[in-house]
Amino acid sequence: MSTPQLDKIYDPKAVEARWSQIWNERGYFHASPTHPGQPYCIVIPPPNVTGSLHVGHALNHSIQDILIRWRRMQGRNVLWLPGTDHAGIATQNVVEKQLMAEGASRESLGRERFIERVWQWKATSGNTIISQQKQLGESCDWDRLRFTMDEGLSEAVREVFVRLHQDGLLYRGERLINWCPRCLTALSDIEVEHENIKGKLYSIDYPLEQDPTIRLPVATTRPETMFGDTAVAVHPEDPRYNRLIGQRVQLPLTNRTIPIVGDAILVDREFGTGAVKITPAHDFNDFEAGERHGLPRLPIFDRQALLDRPGLKSAGVDQAVIDAVAALPAIKARAKIEQLLKDRALLTKVDDHPMAIGKCYRCKTVVEPYLSPQWFVKIKPLAEPAIQAVEDGRIRIIPEGWTNNYLGWMRDIKDWCISRQIWWGHQIPAWYCRHCNKDLIIEDAAAPASAAQSPRLTILQGATPIVGKAAPSICSGCGGQQFMQDPDVLDTWFSSALWPFSTLGWPEQTPELKTYYPTSTLVTGLDILFFWVARMIMMGLKFMGDVPFRDVYIHALVRDAEGQKMSKSKGNVIDPLHVMEQFGTDALRFTLASMASPGRDIKLAEERIEGYRNFANKIWNAARFAHMHLAPTGELHPPVDHTFPGLWIRSRLNGAIQTVTTELEVYRFDRATSALYQFFWHEYCDWYLELIKPVLQDPLHPHGSATRQTLQDTLEVFLRLLHPFMPFISEEIWQSMPHKGETIVTQPYPVPQAHWHEPTAEDTFRLFEQTVGLIRTGRALLNYPPGHEIPVFVAHEEPAANTMLVTIQENLAHIGRGRISPLPISEWPTSDVLRLVADGITVSLSVERGVDLQKALDRLMKQIAETDKEAQRLDGKLNSADFVSKAPPEVIADHRNRLRALSRDRAMLTNSEQQLRAMLGA
RNA sequence: GGGCGGAUAGCUCAGUUGGGAGAGCGCUGCCCUUACAAGGCAGAGGUCACAGGUUCGAUCCCUGUUCCGCCUACCA
């Protein structure tokens with residue numbers, strides 16, 4: 001901007017790239033524990049290393065950058081710590097897809113080479129999102145970039161695992177878990193997305209063993225699991241069936257009989273047939289019911305959720321049936337079985353039935369409850385302090401409304417399944433002595449149906465793990481020296497849960513850890529409140545003995561303009577990079593901040609971004625204007641500006657500083673941006689710059705230099721106020737103006753100045769604005785050509801306004817292009833005038849030739865009608881005994897005053913009406 | 001099934017100790033006024049979802065209803 005006479009239009013592209021680079025090169029974002037100032041730290045929610053910047057990131061990161069830049073300017077010792085997440089399943093999927101394209105697979109490569117391959121991929125493609133973040137202007141300390149599988153973070157993971165194990169909070173158990181048959185791994189409960197579908201409820205007759213003519217009707221939505229049934233449950237108090245408890249039924253299509261048990265927990269007498277099959281290996285409820293009744297578990301699906309031939313065989317299924325259904329996926333098997341049961345007249349009813357199915361959050365495959373040995377974290381002892389921390393306010397959730405959501409979930413939390421049967425991730429630091437567990441380690445493909453792991457290696461339930469940070473050297477049981485590490489890796493969220501302290505160096509007691517932990521604010525979307533936030537709180541409390549952050553700010557989800565969730569498959573994704581290219585990064589950031597209202601999802605529309613692009617351009621052009629009138633530099637005693645415009649704009653700027661700061665403190669980015677926009681566009685540009693133009697354009701004006709000084713000072717303060725929101729343009733303009741310091745990034749954030757506050761100037765301005773408004777309205781009404789100066793009569797009913805009118809007179813010549821007559825209303829000319837009234841101000845304009853009188857009259861009549869309506873309303877209230885006796889006195893007085901003003905207005909309007917009618921008649 | 005949020009101008013949304021309904025975009029009219037036409041000025045447009053209740057007075061507080069969205073959940 002050294003050549004301000006150039007571009008009328010702000011071109012963000014070159015500017016942004018340049019500053020982004022300079023900021024990073026000069027290390028403005030670098031944090032150090034030795035820096036002065038109270039620490040302020042945010043750890044970024046690490047985006048997936050596979051990711052590229054989507055609009056959700058853009059929102060999340062913009063908010064954090066606003067907070068960080070604001071606090072940095074406030075002089076805090078700021079650290080914004082960036083990083084990426086190894087994203088186990090997601091990353092593995094990406095690389096496996098590549099392999100598939102090459103005709104290979106992870107199995108064909110083998111574990112070690114596969115992992116190498118993933119690291120290779122990370123080295124070449126894993127930093128995409130980081131460079132995009134820099135493009136967004138994020139003021140992270142990039143030197144501290146971390147990755148969840150860094151050496152240090154992996155050390156933290158092992159340390160935590162071992163300590164949890166020592167404290168008895170880890171166990172390995174054969175449980176029913178959510179299994180993704182495509183990813184071939186366990187998922188935690190929250191990694192399953194539920195979807196409502198139209199299912200069917202089947203009623204199947206199970207004949208009684210003793211008397212096959214008596215049949216027990218069993219209701220199920222999943223007939224294909226029936227081969228795994230090990231009992232049928234009825235309600236113990238159900239008169240229809242309870243006498244049958246203890247008897248056995250023949251399981252159709254098999255050679256097995258299964259018992260009838262009474263179970264009041266599982267069975268709802270009112271629902272279905274009142275009899276429920278129990279399939280402990282394939283249903284969560286049934287698993288628990290099976291525990292209660294000591295029932296065996298018969299898995300009949302394999303890892304891919306196909307009907308498993310050996311499983312069916314050992315479940316005693318008829319050979320013909322096995323041949324019909326083996327290796328079929330559940331849905332197809334269901335149709336076959338439906339037919340087989342129909343053939344035997346055992347399928348008595350099929351009803352429509354809405355139901356929910358679970359899908360893998362990564363690949364949307366229907367998950368299958370699956371029996372397998374997995375590692376779990378005993379979560380209740382960890383959840384308890386995490387509930388406490390939020391209840392007693394050590395952690396604040398903003399907006400507050402989500403607190404109950406958090407507490408509800410935490411109070412009902414289930415043990416956390418942390419093992420995953422994939423290769424990319426932190427391999428579980430547990431080893432098994434080959435000798436002691438020789439029957440439980442299976443290293444070929446002939447694993448049983450419950451074998452979760454790779455067919456090449458399965459560690460069955462019952463094996464004894466030795467947990468430690470490194471492989472043991474000798475087995476304390478048998479003295480053996482051959483060990484097998486657990487092949488599973490940890491849930492990706494396990495390492496993310498440690499993020500606030502692992503990234504600061506834990507378990508080492510680093511200066512960073514001491515300075516920046518607990519961190520200040522966590523900014524996140526609701527979608528990972530449970531995945532991540534809750535677990536960070538639990539882990540932080542457990543291992544640091546303190547909360548990981550003070551405030552959790554939860555922002556909305558970004559949707560498209562139709563309110564649809566953005567997704568690649570829908571093709572409705574707004575690409576932030578494209579937006580930044582088209583409208584500028586500042587515009588995107590400002591838009592997102594302006595839409596971050598609590599309690600509502602964000603529907604992003606391009607028009608809105610365009611609007612803020614225009615705002616950036618407006619700022620640019622105001623700066624160009626200021627450049628034309630820069631104050632002389634190097635003056636020892638810059639003149640003090642006591643003019644009305646100067647006093648007024650400083651007072652307004654002061655208000656804006658106050659508002660923006662207050663709103664930032666309560667995370668109301670929408671209101672902060674709106675204050676910036678409103679102030680700059682509609683006060684600074686629309687009024688202030690217009691007010692001072694005559695002064696600036698007169699080289700001999702006595703207030704010239706004072707005005708120039710104010711113009712420049714207020715713009716400079718505004719740029720600092722704006723900087724956290726629009727870092728690029730604020731820096732660019734700031735640099736082009738007289739300034740002290742290298743960069744706006746580290747300049748102090750504006751602070752309200754008591755001596756800037758000028759209530760009188762603000763009152764005067766309100767009157768001035770009203771007056772000008774009335775003149776302009778009248779001018780438009782009377783079709784005065786622009787630039788044509790007209791005589792104007794102005795009066796105000798308040799005596800105090802008279803001194804203000806003097807100020808107004810001084811400024812009116814330019815803005816309103818009118819001159820005020822000093823005459824009192826009673827002495828105004830009684831003919832050829834149109835009088836307009838508002839809030840006690842009366843403005844009178846003379847009518848000239850060429851005016852559309854009818855139009856003027858129409859408008860006048862409308863105003864009269866509105867005035868009457870309002871007067872009637874007020875009058876009604878003031879005549880109500882209830883109102884007068886019960887309403888607060890100040891409200892009554894206010895009503896009276898308004899009514900009085902209205903009646904005066906009405907008189908003026910009537911006068912004008914008569915004038916106009918007379919002229920129309922003439 | 002449980003819980004939460006939303007319904008205000010054509011669109012997207014603000015609006016707290018309850019007292020005269022706002023912004024941006026869009027629309028209409030007039031202006032290329034030497035910072036900005038990505039601009040300026042003026043203007044049109046709203047039973048604040050519906051029905052009750054509390055109150056002198058309700059967009060706001062309470063109850064119910066409808067519609068939309070989200071979270072959560074094992075009704076087989």
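In this text the structure is predicted, and so the values were computed from the model without any measurement.
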> With rounding to the closest Å, how many angstrom separate the P atoms on B:U65 and B:G29?
48 Å
> Looking only at side-chain N and O atoms, does A:T777 come under 4.0 Å of OP1 or OP2 in B:G43?
yes
> Identify the heavy atoms of A:C685 and A:A622 that sit nearest to each other, and give their distance.
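That closest heavy-atom pairing would be SG-CB, 3.9 Å.
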> Only pairs with both distances under 3.5 Å count, Watson-Crick or wobble alike; so what is the partner of B:G45 in this structure?
none
> State which of B:A42, B:A76, B:A35 makes the closest approach to the side chain of A:A780.
B:A42
> Can you tell me the base-pairing partner of B:C32? Count Watson-Crick or G-U wobble geometry only, both distances below 3.5 Å, and say none if there is no partner.
none
> Tell me which nucleotide, if any, is Watson-Crick or G-U wobble paired with B:G69 when both distances must be under 3.5 Å.
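Pairing partner: B:C4.
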> In whole Å, what is the span from the CD1 atom of A:I197 to the C1' atom of B:A73?
15 Å
> Applying a 4.0 Å non-hydrogen cut-off, can you work out what A:D268 is touching in the nucleic acid: base, sugar-phosphate, or nothing?
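Base, at least one base atom sits under 4.0 Å.
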> Over all strands shown, is A:G358 touching base, sugar-phosphate only, or nothing at heavy-atom distances under 4.0 angstrom?
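Counting heavy atoms under 4.0 Å across all strands, no contact is made by A:G358.
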> Could you give the CZ-to-C1' distance, from A:R292 to B:A76, as a whole number of Å?
13 Å
> Strictly under 4.0 angstrom, non-hydrogen atoms only: write out the protein contact profile of nucleotides 18-26 of chain B, one letter per nucleotide from the 5' end, B, S or -.
-BB---SS-
> Any salt bridge between A:R668 and A:E663, counting N to O under 4.0 Å?
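Salt bridge absent between A:R668 and A:E663.
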> What contact category does A:K862 fall into here, base, sugar-phosphate, or nothing, at under 4.0 angstrom with non-hydrogen atoms?
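The answer is sugar-phosphate, as A:K862 gets under 4.0 Å only of primed atoms, P, OP1 or OP2.
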> Counting side-chain heavy atoms from C-beta on, which of B:A76, B:C36, B:C56 comes nearest to A:S880?
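Nearest listed nucleotide: B:C56.
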> Taking the P atom of each, how far is B:U59 from B:G22, in whole Å?
14 Å
> Measure the distance from CG on A:D670 to P on B:C13 and round it to the nearest whole Å.
12 Å
> In terms of side-chain heavy atoms of A:N285, which of B:C41, B:C36, B:C74 is nearest?
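Of all the options, the side chain of A:N285 is nearest to B:C74.
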> Between B:U55 and B:G43, how far apart are the P atoms? Round to whole Å, please.
42 Å
> Across the strands shown, which category fits A:R222 at heavy-atom distances under 4.0 angstrom: base, sugar-phosphate, nothing?
nothing
> What's the CD-P distance between A:E193 and B:C71, to the nearest Å?
8 Å
> May I have the distance from A:D882 (atom CG) to B:G57 (atom P), rounded to whole angstrom?
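Atom-to-atom, A:D882 to B:G57, this comes out as 7 Å.
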> Whole angstrom is fine here: how far is it from CG in A:D527 over to P in B:C71?
9 Å
> Among the candidates B:C74, B:C71, B:C36, find the nucleotide nearest to the side-chain atoms of A:R624.
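Between B:C74, B:C71, B:C36, the one nearest the side chain of A:R624 would be B:C36.
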> If you draw a 6.0 Å radius around CD in A:E291, do more than 12 non-hydrogen atoms from other residues or ligands fall strictly inside?
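Buried by this count: over 12 neighbours within 6.0 Å.
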> Under 6.0 Å between ring centres: does that hold for A:Y667 and A:H555?
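A:Y667 vs A:H555: aromatic centres not under 6.0 Å.
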> Across all strands, who's sitting opposite B:C25 as a Watson-Crick or G-U wobble pair, both distances under 3.5 Å?
B:G10
> If you pin A:D412 and A:A219 to their nearest nucleotides in RNA chain B, which one's is more 5'?
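Upstream on the strand: A:D412.
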> A:R613 and A:E610: salt bridge (Lys or Arg N to Asp or Glu O under 4.0 Å), yes or no, with the steps?
CA-CA 5 Å; A:R613 185 271 315 260; A:E610 194 181 345; 3.5 Å; yes
> Taking atom types as modelled and ignoring hydrogens, do the side chains of A:N621 and A:Y10 form a donor-acceptor contact shorter than 3.5 angstrom?
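No - no donor-acceptor pair under 3.5 Å links their side chains.
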> Determine, using ring centers only, whether A:F725 and A:F669 are less than 6.0 Å apart.
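Ring centroids of A:F669 and A:F725 are no less than 6.0 Å from each other.
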> Give A:V267 one of three labels, base, sugar-phosphate or nothing, depending on what nucleic acid heavy atoms sit under 4.0 Å from its own.
base
> Between the side chain of A:T279 and the main-chain N/O of A:G228, is any donor-acceptor distance below 3.5 Å?
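Side chain of A:T279 to backbone of A:G228, a donor-acceptor pair under 3.5 Å: no, none is there.
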> Choosing from B:A35, B:A42, B:C70, which nucleotide comes nearest the side chain of A:L526?
B:C70
> So, OP1 or OP2 of B:C30: does either fall under 4.0 Å of a side-chain N or O from A:R779?
no
> OP1 or OP2 of B:G15 sitting under 4.0 Å from any side-chain N/O of A:R668?
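For A:R668, the contact criterion (side-chain N or O under 4.0 Å from OP1 or OP2 of B:G15) is met.
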> In whole Å, measure the gap between the P atoms of B:C25 and B:C41 for me.
12 Å
> With RNA chain B as reference, determine whether A:H194 or A:G272 sits nearer its 5' end, using the nearest nucleotide of each.
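Taking each residue's closest nucleotide, the earlier one in sequence belongs to A:H194.
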> Does B:G43 have its OP1 or OP2 closer than 4.0 Å to a side-chain nitrogen or oxygen of A:R859?
yes
> Between A:Y361 and A:F531, does the ring centroid distance fall short of 6.0 Å?
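Ring-ring flag for A:Y361/A:F531: true, centres closer than 6.0 Å.
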> If I pick the P atom on B:G5 and the same atom on B:A21, what distance separates them, to the nearest angstrom?
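It works out to 27 Å between them.
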> Whole Å only: how far is the CG atom of A:L689 from the P atom of B:G40?
11 Å
> Determine yes or no for a side-chain-to-main-chain donor-acceptor pair under 3.5 angstrom, with A:D351 supplying the side chain and A:L201 the backbone.
no
> Which whole-number value in Å describes the distance from A:N879 CG to B:C56 P?
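So the CG-P distance, A:N879 to B:C56, works out to 18 Å.
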> By nearest atom, which of the nucleotides B:A42, B:A73, B:C36 is closest to the A:K618 side chain?
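My answer, after comparing the listed nucleotides, is B:C36.
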> The side chain of A:R671 is closest to which nucleotide in this list: B:A76, B:G15, B:A35?
B:G15
> Does A:R776 make a side-chain donor-acceptor contact with the base of B:A42, cut-off 3.5 Å?
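No, no donor-acceptor pair under 3.5 Å.
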> Once you apply the 3.5 Å cut-off to both distances, tell me the Watson-Crick or G-U wobble partner of B:C60, or none.
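Across all strands, not a single nucleotide pairs with B:C60.
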